[in-house]
Amino acid sequence: ERDSIYLPKGKWIDYWNGSVYYGSKWLTHYNAPLEKLPLFIRAGAIIHMYPHMNYDSESPADTLTLDIYPSGKTSFNLYEDNGITRDYRKGLFAKTLIEVKAANKIEIKINAAKGTYNGKYRKRVYLLQVHSQMPQKVILNKLPIKKLASKNELNNTVTGYYFDNDEKEGVLFIKTNYLSTSADQLISIY
């Protein structure tokens with residue numbers, strides 16, 4: 001067990017199991033065996049994750065995973081360059097603004113990438129992990145996407161969504177087809 005973990009003001013989510021904690025207080029008796037690092041995510045966070053690799057450009061990063069903890073209105077600016085040269089010093093890089101609004105519905109807007117660099121992805125698959133409740137429908141760029149029966153089915157399809165109530169107290173998994181990085185993409189969750 002760990003004692004004396006201070007959580008600042010706000011709502012915090014345990015990364016490992018989805019439990020919610022409210023800040024401005026000390027957390028005591030937190031179950032943390034040696035192999036478990038206490039890790040808390042502030043509500044509203046947008047965490048981007050690339051595929052596992054040993055070094056930059058070992059494998060394609062044309063699939064971007066976004067781990068989203070919706071709360072109010074938040075945003076994140078994704079920075080990318082070629083990861084090999086120092087061309088970023090010459091202005092060769094791109095930024096993609098990702099915005100999330102959570103009210104009656106959840107809206108995730110992936111804005112068009114601004115800037116360019118050698119090797120910039122023109123299209124990309126997005127895997128969204130949205131910590132939320134069971135949706136009634138999911139809309140991608142004004143078109144409904146298919147609800148799937150399992151995570152395995154989601155892994156074997158091009159576009160769709162699956163809600164897992166047992167995963168971290170509720171996670172909505174959304175998978176898109178290859179989408180242009182030069183155009184805005186909008187995902188609406190009702």
Side-chain angles (χ1 to χ4, degrees), residues 10-13 15 41-53 56-57 59-133 135-148 154-155 157-163 168 170-190:
K11 180 179 173 184
W12 297 87
I13 298 98
Y15 179 80
I41 309 299
R42 183 186 289 273
I46 304 166
I47 303 170
H48 74 287
M49 297 181 280
Y50 280 129
H52 294 286
M53 55 182 99
D56 207 15
S57 73
S59 60
D62 59 350
T63 297
L64 179 67
T65 300
L66 297 171
D67 196 13
I68 300 171
Y69 297 78
S71 180
K73 184 178 178 182
T74 57
S75 63
F76 168 74
N77 218 344
L78 175 68
Y79 170 91
E80 296 177 286
D81 61 35
N82 68 15
I84 300 168
T85 69
R86 294 185 183 179
D87 286 346
Y88 65 90
R89 292 179 178 176
K90 300 174 190 170
L92 297 175
F93 60 85
K95 290 184 178 181
T96 304
L97 180 63
I98 300 165
E99 302 172 281
V100 177
K101 294 179 192 173
N104 296 334
K105 63 181 175 181
I106 298 170
E107 287 189 342
I108 302 162
K109 184 176 181 185
I110 303 168
N111 291 276
K114 295 187 188 292
T116 191
Y117 60 91
N118 187 24
K120 177 183 170 193
Y121 292 101
R122 304 281 178 238
K123 293 183 177 184
R124 166 173 270 156
V125 170
Y126 295 96
L127 298 175
L128 308 177
Q129 301 171 4
V130 184
H131 299 259
S132 67
Q133 302 298 317
Q136 292 184 3
K137 62 183 171 179
V138 177
I139 308 293
L140 172 61
N141 295 327
K142 299 183 181 180
L143 297 173
I145 60 175
K146 185 178 178 181
K147 180 181 180 181
L148 303 170
L154 181 68
N155 292 335
T157 192
V158 175
T159 301
Y161 75 91
Y162 168 69
F163 182 77
K168 299 182 182 182
V171 178
L172 173 62
F173 296 93
I174 302 170
K175 182 180 181 183
T176 73
N177 194 356
Y178 279 92
L179 300 175
S180 172
T181 59
S182 300
D184 293 349
Q185 310 298 336
L186 181 64
I187 298 99
S188 300
I189 303 165
Y190 296 89

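Everything quoted here is computed from the prediction, not taken from an experiment. These numbers come from the heavy atoms of this one structure, side chains and all, not from hydrogens, waters or symmetry mates.
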Give a yes or no on whether the backbone of [Y] and the side-chain of [X] come within a donor-acceptor separation of less than 3.5 Å.
{"X": "R124", "Y": "A61", "value": "yes"}
{"X": "T176", "Y": "Y126", "value": "yes"}
{"X": "T181", "Y": "Y121", "value": "yes"}

Less than 4.5 Å apart, side chain to side chain, heavy atoms only: is that true for [X] and [Y]?
{"X": "I46", "Y": "T74", "answer": "yes"}
{"X": "T159", "Y": "K146", "answer": "no"}
{"X": "Q129", "Y": "M49", "answer": "yes"}
{"X": "L128", "Y": "I108", "answer": "yes"}
{"X": "F173", "Y": "L148", "answer": "no"}
{"X": "Y88", "Y": "R86", "answer": "yes"}
{"X": "Y162", "Y": "K147", "answer": "no"}
{"X": "K120", "Y": "E80", "answer": "no"}

Notebook entry, point to check: Can V138 and L172 be said to form a side-chain contact (heavy atoms from CB on, under 4.5 Å), step by step?
Noted result: CA-CA 10 Å; V138 177; L172 173 62; 4.2 Å; yes

task = Any chance you could lay out the side-chain contact (heavy atoms from CB on, under 4.5 Å) test for Y69 and Y15, step after step, and finish with the verdict?
result = CA-CA 10 Å; Y69 297 78; Y15 179 80; 3.5 Å; yes

>> Suppose the criterion is side chain to side chain donor-acceptor pair (under 3.5 Å): which pairs have a residue in residues 92-104, not counting sequence neighbours?
In response: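 Listed once each, the pairs are E99-N111.
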
_Verdict with reasoning, L78 to L66, per side-chain contact (heavy atoms from CB on, under 4.5 Å)_ = CA-CA 11 Å; L78 175 68; L66 297 171; over 6 Å; no

Trace of the side-chain contact (heavy atoms from CB on, under 4.5 Å) decision for Y178 with D62
CA-CA 9 Å; Y178 279 92; D62 59 350; 2.9 Å; yes

Test: D184 and K109 ion pair at under 4.0 Å: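 Answer for the salt bridge query: yes.
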
Do you know which two heavy atoms are closest between [X] and [Y], and how far apart they sit?
{"X": "D81", "Y": "L92", "value": "CB-O, 3.9 Å"}
{"X": "M53", "Y": "S59", "value": "CE-O, 3.5 Å"}
{"X": "F163", "Y": "S132", "value": "CE1-O, 3.4 Å"}
{"X": "G160", "Y": "L154", "value": "O-CD1, 3.4 Å"}
{"X": "Q136", "Y": "Y161", "value": "O-OH, 3.9 Å"}
{"X": "P51", "Y": "P60", "value": "CG-O, 3.7 Å"}

message: Are Y79 and F93 an aromatic pair, judged by ring center distance below 6.0 Å?
response: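 So the answer is yes for these two rings.
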
Q: Establish, yes or no, whether the cationic atom of K137 lies under 6.0 Å from the six-membered ring centre of Y190 and within 45° of the ring axis.
A: yes

Could you give the distance from [atom1] ([X]) to [atom2] ([Y]), rounded to the nearest 0.5 Å?
{"X": "Y50", "Y": "L64", "atom1": "OH", "atom2": "CG", "result": "6.0 Å"}
{"X": "N141", "Y": "S180", "atom1": "CG", "atom2": "OG", "result": "10.5 Å"}
{"X": "L140", "Y": "K175", "atom1": "CG", "atom2": "NZ", "result": "13.5 Å"}
{"X": "T116", "Y": "N82", "atom1": "OG1", "atom2": "CG", "result": "10.5 Å"}
{"X": "N177", "Y": "T157", "atom1": "CG", "atom2": "OG1", "result": "9.0 Å"}
{"X": "S188", "Y": "I145", "atom1": "OG", "atom2": "CD1", "result": "10.5 Å"}

